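Note that the numbering runs from 1 along the sequence shown for the chain. A quick note: this is a predicted structure, and the numbers were derived from the prediction, not measured.
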Amino acid sequence: MSYAVIQSGGKQYKVKSGEILKIEKLPNSKTDTKIEFNDILAYGDNKVIEIGSPTIQGAKVEANLIKNSKNRTVLIFKKRRRQNSRRKNGHRQEYSMIRINKIFSKDGKILSEAEKISKPTKKDSEKKELGK
């Protein structure tokens, strides 16, 4: 199984094709758009690994943006004993949820490709009802 190590939002992620992951929110991004990551630090499979210094020129990862949203609330509570001093605050970090479609090597060759997502149709649901 081929994988790649990409850099986005100051963090590094090991991704495989077809994988869905949360990354730091991408600026100026709309849902159902294609995104290209060009900061590829490494890619390979079980046998061969290509490592960049610091990145691999020409390699890229193609993904679809599923949605932009916010994480659960993280509560920040500070209290100083016997001072009658307390402070409560909350934070919700924004994120982008993406699905990795293709991983390209430095010469443009496709290393791995995700399977197409098939949406259920009316015929499929009718077959399930008849089978019961």
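- Atom CZ of Arg86 sits about 5.0 Å away from atom CZ of Phe77, to the nearest 0.5 Å.
- Between Val5 and Tyr43, every side-chain heavy-atom pair lies at or beyond the 4.5 Å cut-off.
- Proximity of Ile98 to Phe37: side-chain heavy atoms (C-beta onward) are separated by under 4.5 Å at one or more points.
- Contact of the Phe104 side chain with the Leu111 side chain is not registered, since no non-hydrogen atoms from C-beta on lie closer than 4.5 Å.
- Contact check for Glu24 versus Gln93: side-chain heavy atoms found under the 4.5 Å cut-off.
- Note that CD of Gln7 is 5.0 Å distant from CG of Leu41, once rounded to the nearest 0.5 Å.
- The line from OG of Ser2 to NZ of Lys47 is 10.5 Å long, rounded to the nearest 0.5 Å.
- Both Leu21 and Ile35 belong to a common hydrophobic cluster when Ile, Leu, Val, Met, Phe, Trp and Tyr are linked at side-chain heavy-atom distances under 4.5 angstrom.
- The neighbour count for Glu36 CD, taken as heavy atoms of other residues, nucleotides or ligands under 6.0 Å away, is above 12.
- How far CZ of Arg87 is from NZ of Lys79: 15.0 Å, rounded to the nearest 0.5 Å.
- Looking only at side-chain heavy atoms (C-beta outward), Ile20 and Met97 come within less than 4.5 Å of each other.
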Lys34 vs Glu62, side-chain contact (heavy atoms from CB on, under 4.5 Å): CA-CA, chis, key distance, verdict:
CA-CA 7 Å; Lys34 284 196 177 187; Glu62 210 173 79; 3.8 Å; yes
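- Within a 6.0 Å sphere centred on CG of Asn84, other residues, nucleotides and ligands contribute 12 heavy atoms or fewer.
- Closest heavy-atom contact between Ala4 and Ile40: CB-CG2, 4.5 Å.
- A cation-pi arrangement is found for Lys14 relative to Tyr3, the charged atom lying closer than 6.0 Å to the ring centre and inside a 45° cone about the ring normal.
- In plain terms, the two heavy atoms of Ile56 and Glu50 that are nearest each other are CD1-O, 3.5 Å.
- With no hydrogens or angles considered, a side-chain donor-acceptor pair links Ser17 and Ser112 at under 3.5 Å.
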Given the rule in the side-chain contact (heavy atoms from CB on, under 4.5 Å) test, do Ile76 and His91 qualify, once you have shown the distances and angles that lead to the verdict?
CA-CA 8 Å; Ile76 300 104; His91 175 72; 4.1 Å; yes
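- The side chain to side chain contact (heavy atoms under 4.5 Å, CB included) check on Lys116 picks up nothing, with sequence neighbours excluded.
- Using a distance-only test at 3.5 Å, with no hydrogens or angles considered, no donor-acceptor pair links the side chain of Gln83 to the main chain of Arg80.
- For Lys106, the NZ atom is loosely surrounded, since the number of other residues' heavy atoms within 6.0 Å does not exceed 12.
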Give the table of side-chain donor-acceptor pairs shorter than 3.5 Å for residues 63-75, with sequence neighbours excluded, one pair per line with atom names and distance.
unit_1	atom_1	unit_2	atom_2	d
Asn64	OD1	Asn101	ND2	3.3
Asn68	OD1	Ser96	OG	2.6
Asn68	ND2	Ser29	O	3.1
Asn68	ND2	Ser29	OG	3.4
Asn71	OD1	Lys22	NZ	3.2

